[in-house]
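Everything below concerns the one structure shown next.
Indexing begins at 1, ligand by ligand and atom by atom, following the structure's order.
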Amino acid sequence: MKHLIDIQSISKEEILNIINLAKEFKQGTKDSDVQKKTLSLMFYENSTRTRCSFEIAAQKLNMNIINFDAPHSSLSKGESLKDTIENLYFLGVNAVVIRHCLSGIINNVMKQVKYPICFVNGGDGTHAHPSQALLDFYTMLEKIGSVESKKITIVGDVSHSRVAKSNISLLSKFGADIHLCAPSYLQFENHNAFNVTYHNDVKTAIEGANVVMVLRVQNERHDKEGYPDSSEYKRLYEIDTELLKQYAAKDVILMHPGPANRNIEVSSELLDNQVGKTILEQAQNGVFVRMAILNTILKESEG
Ligand code: CP
């Protein structure tokens, strides 16, 4: 495992190795194998959690960090991403984390680059967000022990969600019972693409659910023509304390990859209570999971 591009490309064993390594980093029982390696964070799209947690992960691993300033780089003069990354490699960069609005661009540029730099997908368009799925899995295992046969319901804008796709891919490998809930205009067009159960009604979708993962409505990726306003979405799909209490499993875990739109897809009251705290723990676990990702790919690329 020298790169992390999507979940489909890694095995169950590789996933579990990352999870176990993340656990050791969280417990403080494992030292960095990749100190003095250099990481470049190349974020062409906004980010808080992914960018900051990769940066903190690299700091904890005693790596050097280059915060690549995309808007002020020579890309604005027409330099290609391939040329940029090959130059960074010759400057001494060992790995890049890239976030980009174009689906598939990271896989594409990785195939063009001739030098052994490690690639990590920090989220590309509506395609994949593998480090998010890994940290979500880590958090689920920490909270409920196993996902096998557990009902995991993802509620929200699944059609535009790289997080949903990466989670479906990962959770399917581990035998979870996956349910997706969204209005028809935010569902996947091809219902045969994934082996999941589709719902329009939120109450049936979360009934008995062990995990409810809420997603943001990604207004920035919509052609807004014909979309209902957010008050209509809120009326039908907002997750709040009462809904979880009435329909979900007693010890349901609430998750959200962030950023959350308070009082649209999830109530502000729920976010701020004890159940909502898991979402912050999820973000915190991102640091340890990303330490495990960086340590693994950089160590294996040496071998
Ligand atoms: N979950 C996630 O990718 O958040 P950011 O956009 O803040 O990185």
Quiz item: Is the closest heavy atom of E45 to ligand 1 under 4.0 Å?
Solution: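 For ligand 1, residue contact (heavy atoms, under 4.0 Å) with E45 is absent.
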Quiz item: Would you call G258 a ligand 1 contact, heavy-atom distance under 4.0 Å?
Solution: yes
Students should be able to answer this: which protein heavy-atom is nearest to [atom], and at what distance?
atom: atom 1 (N) of ligand 1; value: P257 O, 2.8 Å
atom: atom 6 (O) of ligand 1; value: R99 NH1, 2.8 Å
atom: atom 4 (O) of ligand 1; value: R49 NE, 3.1 Å

Quiz item: So, the side chain of N108 versus the backbone of G104: is there a donor-acceptor pair under 3.5 Å, distance only?
Solution: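 Here the side-chain-to-backbone pair does not exist.
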Quiz item: With distance as the sole test, does R162 use its side chain to make a donor-acceptor pair with the main-chain N or O of H129 at under 3.5 Å?
Solution: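 No.
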Exercise. Determine, stepwise, if the pair K37 / E302 fulfils salt bridge (Lys or Arg N to Asp or Glu O under 4.0 Å).
Key: CA-CA 11 Å; K37 298 275 185 189; E302 272 179 351; 2.9 Å; yes
Quiz prompt | Contact check: P259 vs ligand 1, nitrogen or oxygen atoms, below 3.5 angstrom | solution = no
Quiz item: N/O of Q132 under 3.5 Å from N/O of ligand 1, yes or no?
Solution: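 Yes, since at least one N or O of Q132 sits under 3.5 Å from an N or O of ligand 1.
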Quiz item: Is the cationic atom of R99 (NZ for Lys, CZ for Arg) positioned less than 6.0 Å from the six-membered ring centroid of F43 and within 45 degrees of its normal?
Solution: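 The answer is no; the distance or angle limit is not met.
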Exercise. Kindly indicate whether a cation-pi arrangement holds for K12 with F174, taking the cut-offs as under 6.0 Å to the six-membered ring centre and within 45° of the axis.
Key: yes
Practice problem: Go through ligand 1 atom by atom and flag the ones less than 4.0 Å from a non-hydrogen atom of T48. | Solution: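 Every atom of ligand 1 under 4.0 Å from some heavy atom of T48: 5 (P), 7 (O), 8 (O).
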Quiz prompt | Heavy-atom side-chain proximity of V211 to V252 below 4.5 angstrom | solution = no
